[in-house]
Protein chains: 2
Amino acid sequence: MNIKEVAARAGLPAKTIRYYEEIGLIRPLRAANGYRSFRESDLHKLAFLARARGLGFSIEDCRALLALYEDRARASSDVKALAESHLARIAEKIAELRGMEATLGALVRACAGDARPDCPILTGIAGKDCCG
Amino acid sequence: MNIKEVAARAGLPAKTIRYYEEIGLIRPLRAANGYRSFRESDLHKLAFLARARGLGFSIEDCRALLALYEDRARASSDVKALAESHLARIAEKIAELRGMEATLGALVRACAGDARPDCPILTGIAGKDCCG
DNA sequence: TATGGGGTTTCCCGTGATGGGAAGGTCAAG
DNA sequence: CTTGACCTTCCCATCACGGGAAACCCCATA
């Protein structure tokens, strides 16, 4: 399989696939003409990576997940620990964003949004009572 | 005021303040020795920037907000439009993160997390039924 | 056989918003 | 005069790619 087909099937840009090879996440073979030659196992790994990235795992997390995936002697507790720590990061981010949403939402609701210059959003950002 | 004091009072690292000058968000004076010399107005702008960044606005959004803040002839509708568009981006991100949280959370709950290799998290990421 | 068009390769630069750290100038206190 | 804290500029690194150039490869058609 050449890179374009594998890209289509894994749902990843060709650029990303080359990058993943460069950082050692996959090791496709090479044809005589220098083209990358992907096996089914490469495609499988790329699809795994695409899904893990879609769940927000960092590249290094993905590397660890892939290693666990390929290690038949793994303990599921190792996988779960990784996933739980990522879940915690996700929850933190959500909390942070919700804080922003609440603060900014209140300012937006207080703003008339007309042609006049008076703006609670600006005074809110400027004032000491903002972003508590 | 030298940079360290202004950094402490604005709640920003000195590095960040230098960067903000470099990209033209602030224009502090210079003392004879080459040191930056911050006025109260610079401090005020930096505090504004720190809060706007804390609300998740991008640097370019901050530039626009600062311009509006300094423009006495602004229309509050312009500010509100900017803020609402940012609020929408925040909501999108929250939705995306909640999707991840739901999917990954379900996988984590299904995983025994013991010494055995069987792991619904890995098969979930590997399988076609993962990530919507 | 030439030509065209698409696929592929490597290489280098850019992103956003800083952080780290080196090399060197300046200032106030002891 | 020295020490140590502060300041300066400059360059490189982050993270996960994306854009685009220059060159090579393959296949089909005229």
Does a nitrogen or oxygen in the side chain of A:Arg18 sit under 4.0 Å from OP1 or OP2 of C:dT9?
yes

Taking atom types as they are modelled, is there a donor-acceptor pair under 3.5 Å from the base of C:dG16 to the side chain of B:Tyr19?
-> no

When rounded to the nearest 0.5 Å, the distance separating CZ of B:Phe48 from CD1 of B:Ile26 is 14.0 Å

- Item | Lys/Arg N to Asp/Glu carboxylate O, A:Arg39 vs A:Asp42, below 4.0 Å | yes

Going by atom type alone, with no hydrogens or angles, which donor-acceptor pairs under 3.5 Å involve a side-chain atom of residues 82-94 of chain B and a protein atom two or more places apart or on another chain?
residue: B:Ser85; atom: OG; partner: B:Arg89; partner atom: NH1; Å: 3.2
residue: B:His86; atom: NE2; partner: B:Leu55; partner atom: O; Å: 2.8
residue: B:His86; atom: NE2; partner: B:Gly56; partner atom: O; Å: 3.4
residue: B:His86; atom: NE2; partner: B:Phe57; partner atom: N; Å: 3.4
residue: B:Arg89; atom: NH2; partner: B:Asp61; partner atom: OD2; Å: 2.6

#### Entry: Under-4.0 Å side-chain N/O to phosphate OP1/OP2 contact, A:Asn2 with C:dT8
yes

Tell me whether the side-chain N/O atoms of B:Thr16 come closer than 4.0 Å to OP1 or OP2 in C:dG19. yes

Open item on the list: Can you confirm whether more than 12 heavy atoms, excluding those of A:Arg30, are under 6.0 Å from its CZ atom?
Closed with: yes

Practice prompt. Could you tell me whether the side chain of A:Arg9 reaches within less than 4.5 Å of the side chain of A:Phe38, counting heavy atoms only?
Written response: no

A:Asn33 CG to C:dT10 P, in whole Å, measures 11 Å

Here the distance between atom P of C:dT18 and atom CZ of B:Phe57, to the nearest Å, is 15 Å

The correct set of residues in residues 21-30 of chain A placing a heavy atom under 4.0 Å from DNA chain D is none

Nearest-nucleotide check on DNA chain D, A:Ile59 vs A:Ala32; residue mapping nearer the 5' end is A:Ile59

Tell me whether the rings of A:Tyr69 and A:His44 are parallel (<30°), tilted (30 to 60°) or perpendicular (>60°). perpendicular

Ranking B:Lys15 and A:Ser37 by the position along DNA chain C of their nearest nucleotide, the one closer to 5' is A:Ser37

Exercise. Just checking A:Arg36: base, sugar-phosphate only, or nothing, at a heavy-atom cut-off of under 4.0 Å?
Worked result: sugar-phosphate

Does the pair A:Arg36 and A:Ile17 meet the rule for a side chain to side chain contact (heavy atoms under 4.5 Å, CB included), with working shown?
CA-CA 10 Å; A:Arg36 288 171 184 81; A:Ile17 295 176; 5.6 Å; no

To the nearest 0.5 Å, atom CG of A:Leu12 lies from atom CZ of A:Arg18 at 12.5 Å

5'-most to 3'-most nt of DNA chain D touching chain B (<4.0 Å, heavy-atom partner on protein side) reads D:dC6 to D:dC10

Looking only at C:dG19, C:dG7, C:dC27, the nucleotide nearest the A:Lys4 side chain is C:dG7

Quiz item: Counting just side-chain N and O atoms, does B:Arg53 come under 4.0 Å of either OP1 or OP2 of C:dT18?
Solution: yes

Review point. Donor-acceptor pair, B:Arg63 side chain versus B:Ile23 backbone, under 3.5 Å?
Key: yes

